[in-house]
Amino acid sequence: ADGRPRPQADIHDGVALRTARRRKRATYPELVASRRCKLLVAPIETGGRWDEQAYQFLVQLAKAKARTAPSNLRTSLTNARLRRWTGMLAFAAQDAFAASLLEECPAETVATDGLEPAIGELLVDFPVD
């Protein structure tokens, strides 16, 4: 976060991701110990490397959202939502990074809240399995 190099980052992938996860777990021990919820840290490294646990959460969420769709559309809908959500999060991460370099506030994303697009809009230009 402060731009300093991390030890062993040139040798081992994901050093910043593990550091971020460890710091969040130390900051919020009440969530780590909770039986009602689970702390999920979703770090993304500069350059786009995702934390595996955060990515798998998005995969599971996309599959869960697709369960209500007709069976022949579930795989395509899962993939479309996953592509949409990872794209949105990647944009937000890169926008925040660019803003930090320029010492500005990140741009306000227009579609940060509201209704999800219709299934037809999600599946446009996406092959149906």
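Nothing fancy with the numbering, it's 1 onward along the sequence.
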With ILVMFWY side chains joined below 4.5 Å, transitively, what does L17's cluster contain besides itself? none
Going by heavy atoms in the side chains, are L82 and L61 under 4.5 Å from each other? no
Please give me the minimum heavy-atom distance between V15 and P7, naming the atom from each residue. CG1-O, 3.7 Å
Partner set under salt bridge (charged side-chain N to carboxylate O under 4.0 Å, His left out) for R21, not counting sequence neighbours: D51
How close do W50 and T86 get, heavy atom to heavy atom, and via which atoms? CZ2-O, 3.7 Å
Quick check for you: to the nearest 0.5 Å, what is the distance between Y55 atom OH and W85 atom CH2? 12.0 Å
Quick one: hydrophobic cluster around L31, which other residues, with the 4.5 Å side-chain cut-off, linked directly or via members? Y28, V32, L39, V41
Measuring from atom CG of D13 to atom CZ of R18, what distance do you get when rounded to the nearest 0.5 angstrom? 8.0 Å
Just to verify, what does K65 make a salt bridge (charged side-chain N to carboxylate O under 4.0 Å, His left out) with, not counting sequence neighbours? E116
Any chance you could measure Q94, atom CD, to L89, atom CG, to the nearest 0.5 Å? 11.5 Å
Would N79 and R83 satisfy side-chain contact (heavy atoms from CB on, under 4.5 Å), going step by step from the backbone distance to the final call? CA-CA 6 Å; N79 292 334; R83 183 176 64 182; over 6 Å; no
With sequence neighbours excluded, tell me which residues meet side chain to side chain contact (heavy atoms under 4.5 Å, CB included) with T78. A62, K63, A66
Does S34 reach the main-chain N or O of E30 with its side chain, forming a donor-acceptor pair under 3.5 Å? no
According to side-chain hydrogen bond (donor to acceptor under 3.5 Å, both in side chains), who are the partners of Q56, at least two apart in sequence or on a separate chain? E52
